[in-house]
Structure formats: C-alpha cells, structure tokens
Peer 1: 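The structure under discussion is supplied below as structure tokens; questions concerning it will follow.
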Amino acid sequence: MTHTHPTGHRETRDGHEVVVLRRRFPAPVDDVWAAVTEPDRLERWIGTWEGNPADGWVGFRMTAESPEATAERMWIDECDPPRRLATHSSTPYGDWHLALDLEERDGVTTLTFSQRMSDPAVAADVGPGWDYYLDRLVAAETGGDVAAVDFTDYHPADSDYYRSLFS
C-alpha cells in the first residue's frame, strides 16, 4: 500500500471540532468491528487492550509503536456493537476523545474515525498518525503487508496539511 495524500478533514460535531478520516472495507460490519475491538485483531495494526470492558475502561497499549508500550486507560463512553465505539483518555499528550462509527452497505463497510481536535500543532502530529494507523488497518484486513506501511511516508510529509485544518 502506497500512501498518496492525507485523507482527514475537519468537522464540527456536538459543538466540538474534530478531525475525521474514513476507510472502506469489502467486508461485513461484524468483521470490521472485530478488527477494531478484538485484542488479537487490533494488535495486527495498532495495539492491544486488557481488562474488562464491563468496568467502563480498558488498558490500551500501542504495541505498534513499541512492544513494551505502557498501557493507558481508555474510558468507554459508548459501545454499540457493531456500529459505534467512543472512548476518551487523559495522556501525557492531552485529553483524547475518539470515536469509531461503522456502516455497512451492499457488503462494504465504511469506518469513520473521529478525534476532537483544536490545536494546530497537535493536529500536525496526530493527523498523519491516524492516516498511518488506518492504512495499517486496511492492510491487515485486506491481506496487505502491514510492515510495508511506513510512518515516514506520513510524517512529517502530511503535517502541514493537518496543521492547516485547525489554524
């Protein structure tokens, strides 16, 4: 998979500015839901989680960045399988509010990812990162080579684009 251009755009949702990115999968919604919620499938492209979601949170580790990544608490704000997952966390990088929405039509599932965003400097780093991770998800779910998705194709190349969305 070759990265060609940034895919995110800015929207206002529920009074908050968000960056929104979409990906399409030739798969049923249940399969895409599993790819973004089951620890073993999630680990193929971004990381894994541990804990009991019924407690309202899980410990999420971004193992794609480092196998020794520290778990960060992700609070589950909304979980409506297989359609919507919304979470938030407080990290050393700030508060993160994330949402995944899935919609299937004619055997093709569209994943819409969004994150609250307001700071252009944060957008310059985070936007390219989400394009990168979502392209890794596409590779993992379509039989592509996840390792061939190279972060340096995204960052810093796409940083100015994402910075401009929130400037």
Side-chain angles (χ1 to χ4, degrees), residues 1-14 16-49 53 57-65 69 72 74-89 91 93 95-117 122-151 153-155 157-158 161-162 165-166:
M1 167 178 270
T2 302
H3 175 67
T4 57
H5 57 77
T7 64
H9 66 275
R10 179 179 178 168
E11 291 182 11
T12 302
R13 294 185 177 182
D14 300 322
H16 299 281
E17 298 304 306
V18 296
V19 63
V20 177
L21 300 96
R22 289 187 175 82
R23 297 295 187 275
R24 293 170 47 98
F25 299 87
V29 69
D30 289 323
D31 192 49
V32 179
W33 177 260
V36 298
T37 60
E38 292 178 5
D40 292 344
R41 301 257 317 257
L42 196 64
E43 192 161 30
R44 295 188 311 188
W45 63 277
I46 189 168
T48 190
W49 61 266
W57 64 274
V58 295
F60 178 68
R61 296 184 317 114
M62 291 186 76
T63 55
E65 292 185 5
E72 297 192 16
M74 296 295 296
W75 293 97
I76 300 167
D77 300 319
E78 186 178 349
C79 184
D80 181 18
R83 303 284 177 214
R84 180 167 174 79
L85 177 63
T87 66
H88 77 275
S89 67
T91 74
Y93 310 104
D95 292 338
W96 291 45
H97 296 264
L98 312 172
L100 290 168
D101 293 287
L102 302 175
E103 181 180 347
E104 181 182 352
R105 186 164 285 143
D106 298 324
V108 175
T109 299
T110 300
L111 177 149
T112 302
F113 171 87
S114 62
Q115 179 178 356
R116 285 188 197 169
M117 190 71 55
V122 172
D125 285 334
V126 171
W130 286 123
D131 261 327
Y132 165 73
Y133 280 116
L134 292 174
D135 284 351
R136 286 173 56 91
L137 170 60
V138 169
E141 293 306 306
T142 60
D145 182 2
V146 174
V149 181
D150 186 349
F151 186 66
D153 291 338
Y154 299 79
H155 189 279
D158 296 341
Y161 170 82
Y162 280 101
L165 291 180
F166 294 92

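Keep in mind that this is a model prediction, so the values were computed, not measured.
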Peer 1: Could you walk me through whether Glu11 and Ser114 satisfy the side chain to side chain contact (heavy atoms under 4.5 Å, CB included) test, starting with their C-alpha distance in whole Å, then the side-chain angles of each, then the deciding distance to 0.1 Å, before giving a yes or no?
Peer 2: CA-CA 9 Å; Glu11 291 182 11; Ser114 62; over 6 Å; no

Peer 1: Looking at Tyr132 and Asp153, would you say the former's side chain and the latter's main chain have a donor-acceptor pair under 3.5 Å?
Peer 2: no

Peer 1: Could you go through the side chain to side chain contact (heavy atoms under 4.5 Å, CB included) check for Val36 and Leu85 one step at a time?
Peer 2: CA-CA 9 Å; Val36 298; Leu85 177 63; 5.7 Å; no

Peer 1: List the atom of Thr63, the atom of Ala69, and the distance in Å for their closest heavy-atom pair.
Peer 2: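 So the two residues come closest at N-CB, 4.3 Å.
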
Peer 1: Would you say Arg24 has more than 12 foreign heavy atoms packed within less than 6.0 Å of its CZ?
Peer 2: no

Peer 1: Within the structure provided, determine whether Glu78 and Arg83 are in side-chain contact (heavy-atom separation under 4.5 Å).
Peer 2: no

Peer 1: To check you understand the geometry: which heavy-atom pair defines the closest contact between Pro128 and Ala123, and what is its length?
Peer 2: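 Heavy atoms of Pro128 and Ala123 come nearest at CD-O, 3.6 Å.
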
Peer 1: Test of understanding: with ring-ring contact (aromatic ring centres under 6.0 Å, His included), list the residues that count as partners of Phe113, not counting sequence neighbours.
Peer 2: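 Counting only residues at least two positions away or on another chain, Phe113 forms a ring-ring contact (aromatic ring centres under 6.0 Å, His included) with Trp130.
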
Peer 1: In Å and rounded to the nearest 0.5 Å, what is the OG to CH2 distance from Ser89 to Trp57?
Peer 2: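 Here the interatomic distance stands at 12.5 Å.
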
Peer 1: Does Ile46 reach the side chain of Met62, with side-chain heavy atoms less than 4.5 Å apart?
Peer 2: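 Answer yes - side chains close enough.
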
Peer 1: Decide side chain to side chain contact (heavy atoms under 4.5 Å, CB included) for Tyr133 and Glu65; before the verdict, give the C-alpha distance in whole Å, the side-chain angles of both, and the deciding distance to 0.1 Å.
Peer 2: CA-CA 10 Å; Tyr133 280 116; Glu65 292 185 5; 2.8 Å; yes

Peer 1: Donor-acceptor pairs are to be reported for all side-chain atoms of residues 26-33 against protein atoms at under 3.5 Å, with residues two or more places apart or in another chain.
Peer 2:
{"residue": "Asp31", "atom": "OD1", "partner": "Arg41", "partner atom": "NH1", "Å": "3.2"}
{"residue": "Asp31", "atom": "OD1", "partner": "Arg41", "partner atom": "NH2", "Å": "3.1"}

Peer 1: So that I can tick it off, tell me whether Glu17 and Arg10 are bridged by a salt bridge, with the cut-off set at under 4.0 angstrom between side-chain N and carboxylate O.
Peer 2: yes

Peer 1: Test your reading of the model: is there a side-chain donor-acceptor pair from Trp45 to the backbone of Ala35, 3.5 Å cut-off?
Peer 2: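 Between the backbone of Ala35 and the side chain of Trp45 there is a qualifying donor-acceptor contact (under 3.5 Å).
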
Peer 1: Starting at CG of Leu98, measure out to CZ of Phe60 and round the result to the nearest 0.5 Å.
Peer 2: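 Reported to 0.5 Å precision, the distance equals 9.0 Å.
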
Peer 1: I'd like to check the salt bridge (charged side-chain N to carboxylate O under 4.0 Å, His left out) partners of Asp101; sequence neighbours left out, ordered by chain and number.
Peer 2: Arg84

Peer 1: Side chains of His3 and Val149, heavy atoms from C-beta outward: is any pair under 4.5 Å?
Peer 2: no

Peer 1: If you round to the nearest 0.5 Å, how far is NE2 of His16 from NE2 of His97?
Peer 2: 7.5 Å

Peer 1: Regarding Thr112 and Arg22, is there a side-chain donor-to-acceptor distance under 3.5 Å anywhere?
Peer 2: yes

Peer 1: Mark yes when over 12 heavy atoms from residues, nucleotides or ligands other than Asp80 sit less than 6.0 Å from its CG; otherwise mark no.
Peer 2: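 Enclosed: over 12 neighbouring heavy atoms sit under 6.0 Å from CG of Asp80.
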
Peer 1: Are the side chains of Tyr162 and Val126 in contact, using a 4.5 Å heavy-atom criterion?
Peer 2: no

Peer 1: Does Asp145 pair with Arg136 as a salt bridge, N-O distance under 4.0 Å?
Peer 2: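 Looking at Arg136 together with Asp145, the answer is no, because their closest N to O distance does not fall below 4.0 Å.
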
Peer 1: Between Asp95 and Arg116, is there a salt bridge with N-O shorter than 4.0 Å?
Peer 2: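 Answer for the salt bridge query: no.
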
Peer 1: Measuring from Thr87:OG1 to Leu100:CG, what's the distance to the nearest 0.5 Å?
Peer 2: 7.5 Å

Peer 1: About how many Å separate CZ of Arg61 and CG of Leu42, when rounded to the nearest 0.5 Å?
Peer 2: 11.0 Å

Peer 1: Between Glu104 and Thr110, is a side chain to side chain contact (heavy atoms under 4.5 Å, CB included) present by the stated rule, with each step listed?
Peer 2: CA-CA 6 Å; Glu104 181 182 352; Thr110 300; over 6 Å; no

Peer 1: Going by the angle between their ring planes, with limits at 30° and 60°, are His88 and Trp75 parallel, tilted or perpendicular?
Peer 2: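 His88 and Trp75: parallel rings.
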
Peer 1: Between Leu137 and Arg23, is there a side-chain heavy-atom distance shorter than 4.5 Å?
Peer 2: no

Peer 1: For the CG atom of Asp131 and the OG1 atom of Thr7, what is their distance to the nearest 0.5 Å?
Peer 2: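 That separation rounds to 3.5 Å.
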
Peer 1: Is the side chain of Trp49 donor-acceptor paired with the backbone N or O of Thr37 at a distance under 3.5 Å, no angle test?
Peer 2: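 Yes, the answer is positive, given that a donor and an acceptor are paired below the 3.5 Å cut-off.
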
Peer 1: Tell me, do Val122 and Phe166 make a side-chain contact under 4.5 Å, heavy atoms counted?
Peer 2: no

Peer 1: Shortest non-hydrogen contact from Asp158 to Pro6?
Peer 2: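 Closest pair (atom of Asp158, atom of Pro6, distance): OD1-CD, 3.7 Å.
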
Peer 1: Any donor and acceptor pair, going by atom type alone, linking the side chain of Tyr154 with main-chain N or O of His5 inside 3.5 Å?
Peer 2: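 Checking the backbone N and O of His5 against the side chain of Tyr154, no donor-acceptor pair under 3.5 Å is found.
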
